[in-house]
Amino acid sequence: MHSHYLSTSRSNPQFYTFSQVFEKAAILDPLWKEDVQQSAWLDFWKREGHEFLEQKWHKQYPEYKQAIELATPEERAAWQKLWEKHASDQSAHFWHIFSCVLENYERDLSNGLKDVGHTLTDIDEHFTYLDINQTDATIASVECNEEDQDYLTANDDPDFLDEEQQLRLLGLPTSFGVKSATSRQKPKQKPPSESESDSDMSNEKDEMHAVKARAIRKKKRQKNSKIPQFMRDDNLLLKYWFKRFSLFSRFDQGIVLDRESWFSVTPEKIAKQTARRLACDVIVDAFCGCGGNAIQFANTCGRVIAIDIDLNKLTMAKQNAAIYGVAHKIEFVHADFLQFASTTRLRPDVIFLSPPWGGPDYQKQANFDIEQNLLPLGATQLMEHARRLTDNIGFFLPRSSNIKQVIALTHAGEQCEVEHNYLDTRLVAITAYYGKSLVKSQK
Ligand code: MGP
Ligand code: SAH
């Protein structure tokens, strides 16, 4: 059984999840992709396609609303024709993006299902995930970074993206593509009736408007966003700075993070999705960190118990939760989760595990061994601790995790669901769900 989630928030970056439900002895249905491709797309397009088309239409033809009221029958027919072209172009465009994410998903899933110890044979595969915000050029632009908030989304209008950006957006290699010398702001399509010179003038206006808007945005960001000194000196951390608004949409309101949290915090859109899936009365966030997940749990759960072994992180988590107006809904507990699990009499509905993965170097393993590399214990032992409290468990893991090991954590005769979380076309991480209340097909 496959579940899938396709969102069209049209904010940066776009978010997608795909997931599969596995029996303990995993055999992947060879037809899964055909099923997902058809059902996920049809389901999404039926649910959200019309709204998507409407929004894009009104953005492209702001004059339509007024014009249609006074239109003659011939003009109405012309508008109708234009709408049909728009609908067909846009659905083809979005279908293309959707297919690219699905293509990546197919590859990521099959990588995860290889045996532990598999070595990276085709390094180019991994380069296709490189994002525009991580190029050398972007890192060099840190001092005057206007680009750093230009997160590409799967719905950015291709008219406004140069070829290299489009390739990156689609998760494709850029090394042979045209470099980004072309202008980002190409003229907008004009209604057929406009004369050539009118059209030139309004193109100029569009350009000016875009330049002004960029300048205002830059000013705003420069005022509010200051790179902490400890990040300036740390090349590794810079890329996370560029993603700060994807980690916390309210970053500029005073979010605080320490070094470990910059590379460990769950991006907001993924944390929201996990919180939707784990909605319950009482949840334990066993490795709370600076609160990326706990904040979102506070919006979907009755009571959140947020544990961390590091008191500084809890202090920061509290401040961050206050920025989202949910600090009063979270109980912050300074403890070692292993000790907590051995001694508490609390029986929560759900436990969420997002332990340390050994830092960003986790990426060096093509097939991440979750028994050897997680902290403070391997996955099986962590699960044993969690199961003292409840069988309903969400487990946030590296995207390259060995999925056979992830499935092996399932109780005999039960199933687990493995969810792949994508921001734009790039896989960020996976989330595994265990327990009868969480795995959809077992409800
Ligand atoms: P990443 O691979 O370091 O970032 O982490 P990214 O942007 O995918 O790197 P790139 O080089 O491929 O572009 C991806 C996500 O995994 C982070 O945003 C965190 O949510 C999560 N994450 C990373 N680490 C190292 C940890 C960790 O140690 N613990 C937990 N719980 N989450 C982590
Ligand atoms: N999900 C969090 C990030 C978690 S990072 C977020 O989105 O913000 C992992 C956290 O586990 C770190 O903050 C680390 O301090 C904490 N940790 C490590 N060992 C622990 C233990 N034994 N018990 C509780 N917390 C622990």
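Each ligand, and each atom within it, is numbered from 1 in the order the structure gives.
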My understanding is that we take every heavy atom of each candidate and find the minimum distance to [atom]. Doing that for [options], which one comes out nearest?
| atom | options | result |
| --- | --- | --- |
| atom 29 (N) of ligand 1 | Ser354, Gly292, Pro355 | Pro355 |
| atom 14 (C) of ligand 1 | Phe263, Phe242, Tyr362 | Tyr362 |
| atom 23 (N) of ligand 2 | Trp357, Phe248, Phe352, Phe337 | Phe337 |
| atom 24 (C) of ligand 2 | Leu338, Ile309, Ile295 | Ile309 |

Among all protein non-hydrogen atoms, which one is nearest to [atom], and what is the separation to 0.1 Å?
| atom | value |
| --- | --- |
| atom 9 (C) of ligand 2 | Ser354 O, 3.4 Å |
| atom 18 (C) of ligand 2 | Pro356 CG, 3.6 Å |
| atom 2 (C) of ligand 2 | Cys288 O, 3.4 Å |
| atom 7 (O) of ligand 2 | Thr266 N, 3.0 Å |
| atom 5 (S) of ligand 2 | Ser264 CB, 3.6 Å |
| atom 26 (C) of ligand 2 | Phe287 CD2, 3.3 Å |
| atom 10 (C) of ligand 2 | Asp308 OD2, 3.6 Å |

Specify side chain, backbone, both or neither for [X], according to which of its non-hydrogen atoms lie closer than 4.0 Å to ligand 2.
| X | result |
| --- | --- |
| Ala271 | neither |
| Ala335 | backbone |
| Ser261 | neither |

Would you say the side chains of [X] and [Y] form a donor-acceptor pair under 3.5 Å?
| X | Y | value |
| --- | --- | --- |
| Glu268 | Ser246 | no |
| Gln296 | Gln273 | no |
| Asp424 | Tyr16 | no |
| Glu419 | Asn421 | yes |
| Glu417 | Ser3 | yes |
| Asp258 | Ser261 | yes |
| Glu51 | Gln55 | yes |

Compute the shortest N/O to N/O distance between [X] and ligand 2 and return yes if it is under 3.5 Å, no if not.
| X | answer |
| --- | --- |
| Asn293 | yes |
| Asp310 | no |
| Asp336 | yes |

Exercise. Can you tell me if Ala317 has a non-hydrogen atom under 4.0 Å from ligand 2?
Worked result: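 No.
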Exercise. Any heavy atom of Gln339 sitting closer than 4.0 Å to ligand 2?
Worked result: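 The answer is no, since Gln339 has no heavy atom less than 4.0 Å from ligand 2.
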Exercise. For the atom pair CZ (Arg388) and OG (Ser342), what is the distance rounded to the nearest 0.5 Å?
Worked result: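 Those atoms lie 4.5 Å apart.
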Problem set entry | Euclidean distance, Asn293 CG relative to Asp285 CG, rounded to 0.5 Å |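 CG of Asn293 is found 5.5 Å from CG of Asp285.
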Show the atoms of ligand 2 that are less than 4.0 angstrom away from any heavy atom in [X].
| X | result |
| --- | --- |
| Ala286 | 24 (C), 25 (N) |
| Cys290 | 8 (O) |
| Pro376 | 22 (N) |
| Gly289 | 13 (O) |
| Val265 | 6 (C), 7 (O), 8 (O) |
| Gly292 | 6 (C), 7 (O), 8 (O) |

Problem set entry | Electrostatic pair Asp391-Lys436, nearest N-O below 4.0 angstrom |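 No salt bridge links Asp391 with Lys436.
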Just which atoms of ligand 1 are under 4.0 Å from any heavy atom in [X]?
| X | answer |
| --- | --- |
| Tyr240 | 1 (P), 3 (O), 4 (O) |
| Pro356 | 28 (O), 29 (N) |
| Lys243 | 6 (P), 7 (O), 13 (O) |
| Val428 | 14 (C), 15 (C) |
| Thr266 | 20 (O) |
| Gly359 | 25 (C) |
| Pro267 | 18 (O), 20 (O) |

Do [Y] and [X] have ring centroids that are under 6.0 Å from one another?
| X | Y | answer |
| --- | --- | --- |
| Trp357 | Phe396 | yes |
| Phe44 | Phe94 | yes |
| Phe352 | Phe297 | yes |
| Phe18 | His4 | no |

Problem set entry | Arg250 charged N/C atom sitting above Tyr324 aromatic ring, 6.0 Å / 45° |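 Ring-cation test returns yes.
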Exercise. Would you say Phe287 touches ligand 1, if touching means a heavy atom closer than 4.0 Å?
Worked result: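 The answer is no, since Phe287 has no heavy atom less than 4.0 Å from ligand 1.
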Exercise. Is Glu260 near ligand 1, meaning one of its heavy atoms is under 4.0 Å from it?
Worked result: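 Per 4.0 Å heavy-atom rule, Glu260 does not contact ligand 1.
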Would you say the side chain of [Y] lies within less than 4.5 Å of the side chain of [X], judging by non-hydrogen atoms?
| X | Y | answer |
| --- | --- | --- |
| His385 | Phe337 | yes |
| Trp32 | Glu106 | yes |
| Ile407 | Cys416 | yes |

Exercise. Does an N or O anywhere in Val265 fall below 3.5 Å from an N or O of ligand 1?
Worked result: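 Yes; at least one N/O pair falls below 3.5 Å.
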Exercise. With a cut-off of 6.0 Å (strictly less than), are more than 12 heavy atoms of other residues, nucleotides or ligands near NZ of Lys33?
Worked result: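 Count over threshold, so yes.
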Problem set entry | Side-chain donor or acceptor of Trp45 paired with backbone N/O of Asp43 under 3.5 Å |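 It does not hold such a pair.
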